[in-house]
Amino acid sequence: MPQPFAFATTLLVTAFVSAFLPAAPGRAQDLPVPQPTPLSGLAYDAPFFPNAKDDPIVPTPDSVLGFPVGSKPATHGQIEAVFKALGAKSPRCKLMEYGKTHEGRALYYLVIASVANLNRLDSLKDDLAKLADPRKVSKDEADRLAATLPAVAWMAYAIHGDEMSGADASMAVAHHLAAGEDTEVTNLLDNLIVIIDPLMNPDGRDRFLAMQAQNRTLQPSVDDQSLLHSGVWPSGRMNHYLFDMNRDWIFATQPETRGRLRAVNEWNPHYFVESHEMGPQDTFLFLPGREAINLNQPENVRKWEVEFAKAQAAAFDSRGWRYYTGEWSDDWYPGYSSSWSALRGAVANLYEQASIGTDAVRRQEGTLEPYREAVHKQLVSSMANLTFLAQNRKAVLADFVAEKRKCVGPEASIPAHTFAVLPSANGARQQRFLDLMALQGFEVFTAGESFSAQAKDRLSREMKDAKFPAGTLLIPARQPLARLLNAMLEFDPRTVPQFLTDERRDLLRFGRTRIYDITGWSLPMLFDLETFDIPSGLPAEAQAKPASFRRPVGEPIANSGAKVAFVIDGADDASVAAAGRLQERGVWVRVADKPFQFDNREFARGSVVVVRKDNANFAGDLTVTVSNICAELRLTAIGVRTGFGPGDLPDLGGEHFVLLKPPRIAIFGRDPIEPYSYGSAWHLIDHVLGLRASYLDTHNLQSTDLRRYTVLVIPDGANSDTLKIAMEPLKAWVTAGGTLVAIGSSAAALARETNGIGGARQLPDVLQKLDDYRQAVVREWEARQTTPDPAKVWAFSPPTEVIYPWLIGEKDDKTKEDEFKRRDSWRAIFMPVGTVLAGRVDDRSWLTAGCGEYVPLMYSGRTVLLAPPSVNAPVRLGVFSPAAVQPPSPAAPAPSTEGKEKKKDDTKPAPGWTIAPPGFEMRLRMSGLLWPEAADRLANAAYVTRESIGAGQLILFASDPTFRGAALGTSRIFANAIVLGPGMGASEPIKP
Ligand SMILES: [Zn+2]
């Protein structure tokens, strides 16, 4: 065994034992410490880089760390020190800081290149940008650049903080490339610029390392179920606000992602790797993945993924390591690194090593897999891929350029079409959209003139002559990042047809989906911006000009001397933050539950009104306070001189301007709450709305003094067992005036006859008594549509016939209870795993302020909420469109399952569990996979319910409204619930 590794082994054992011994003076006098029983296979001595000749001027990771690299997981601080040392000492390296985490840890990437290339990085970057945009250079020049430029390999490690091994491997790889003097390394750097992002999620990693330290045992624990390996809630996977950053590439809600996007856009990489870990008993996975694969992915990327896999497999085979490709690894959702980078044009790879955590893990066959071996596999993968890329540089770059020519320029071949986003009064939301477009590197234009064009809306309705005002944002599909742009914005992503067959068979046979993530993510839908798809390039009559990515903002206050009130328009999402933040500063705030007009200005439902008279006791300067808050939130408060609303429009002194009570918000976390649901709600309250809140432990719910709060949020994840013990205190708290908000399974747990609160129910629990729930839908629908015939109303005789608003001849399901149950359990097999559905909006509910006629919503999970007439359903699933002829309802039962019965039955069966209004068709699926059976089950169910209970209220969301911090349409409803709830739907007594 070579000398350095004997040293490494000794150090490994020493480091292991000393990790939990106090280094206090006088230790020699301590009681004897029992030494661990030797574990065969714990040490792993295989050299990482045998026979490497390194430049001694470049410090080794071992010398910086104080322990052999890879012998145990290094902290962020240790990794930072290693990379700073490489950046400072190696003439081939340049260290760049690209961002800071929420907890203040710095994020870095290290550029490693030949000395010659490192000295001309700026000009190389310019040339690389030309290669990524064929419009910038002649064809000959592009071909010359492709033949001569180095390929850029982006090697990124450990985006999931408890997937440890990649970050340790990155230090060894970086040092090898920075210091290696043998021809293998110099040849590689003649062909490549290697960019290493060693640790993408420092907050999550250090959180997990703290758990490891707390669960450290003197005797090694190699059982992967032990706390040392498993960690505790919320694990280290996510960042500070518990976002999965490997789902955030298309939404960029987190600072880590935002920094990375800027960096990647600067470099336009041709190869892109992200390292992960998977189950401890697994082996090693790399790309290519299996279907479903995003249909926007370029062909050359798919082709090269196979070639890279062969080389990586050979490297593993030569060491006898097991591995696989495909199986569970799909690439449909464009927000994972592998999918996102491939759509950007890079050949992508994904490393998934069995998670060892630290020390070693005992495997089924009794052997140990040591941590250092896991690190070694990440390292061998990295080097195999880099070597293969260097060998195939010219061919990979030639394909990269050819692919870009399909996206933009004179030879573009992908279909030309344009996304048209209507100007919105919701400034905060439009700015979020523009910001994301800029961050992703997309080209966006603005219509200088109004125009009309053939277009398709988000409900997939074709329009011959849609009208677009000046100021419409126009995003042509043909542009350098066409594939990514289409994948993010297209309304209706599909899969290859065979995938549907495979998915359905797996659902029926195993009861499990093949879909790894969600199936609908279209940005215009999640952001709920009114968007159309125009089947042509930029319309000439639009006089399009490049858009400004910064929306102009007016003065924070206008008519500041007006005597009556200040109004902040409720169309803007930021108005909710303003309402909360004004109250935190002691300002009394009212919110309008209807649109209104003062001083000839129109204001939307949900507008925030600061009445001077309400604030007679305000200690500070009211005008300055309102102005400051509006300046922070990029809003304008308009001073109004009158509270008189013309015609039937509300006046300031009436019931439509409701006084809010300052929200005192608490949100329940920890087991069994879903960390993502908790995290995105936490992020919204803390980071977007900027409101103080308390963060509580669900286990202590029963003993918590709930009187301190006026709003409680129970995110997705709890169930009736968890909540049973706290149900009585919760009920008492709500009755006394609290606003209780629950999501997903937690909402389902409250919607129960016994041990629940309120009148909403889960569909399977009320199959025998659906009439009440059907009536609620009919009433809701009639309440929007009905126009009475005055002649009939003023008639002096009773009618000879009463018209009921449902179809005559419905089957009487009461006689078929068993059949109804059987159908429902069949339909439940096909529930969506993240699909965008259309929800029709009740515009008389304060909860839906800021929503349009319908709201696209992300639906997943098993909760199906039904509301009887005593419970409001501000958003129900399905939008009704008038049908010219008697239409086939999209919510009709699937022919394969119920067709036989239909044939022998002349009466029209009710779609789903309720009755469809005659003459209308329902639009339900907007984007993503929705099986007909699930559509039938969900149509008309409630997405949100609201019900008064005593002086308080219960608000239930069937699915997570703050999904990934990107579902801005439904996040608004959630924000309304928690900020406007105390006052709008719940009341407090006047304090004498
Ligand atoms: Zn991972």
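Quick note: numbers below take in every heavy atom, side chains included, and nothing from hydrogens, waters or symmetry partners. Numbering of ligands and ligand atoms starts at 1, following listing order.
- Protein atoms that are N, O or S and lie under 2.8 Å from the Zn ion (ligand 1) are these: His160 ND1, Glu163 OE1, Glu163 OE2, His276 ND1.
- Between the side chains of Asp716 and Tyr676, no donor-acceptor pair is found at a separation under 3.5 Å.
- Annotation: cation-pi pair Arg372/Phe48 present, NZ/CZ under 6.0 Å from the ring centroid and within 45° of its normal.
- A ring pair (Phe, Tyr, Trp, His ring centres under 6.0 Å) with Phe284 holds for exactly one of Tyr323, Trp321, Tyr324, Phe316; it is Phe316.
- Note that Arg205 lies outside the cation-pi zone of Phe208, set by a 6.0 Å cut-off to the ring centre and a 45° limit from the axis.
- Within 6.0 Å of CD on Glu299 lie no more than 12 heavy atoms contributed by other residues, nucleotides or ligands.
- Screening Glu277, Gln353, Lys377 against Ser165 for a side chain to side chain donor-acceptor pair (under 3.5 Å) leaves a single residue, Glu277.
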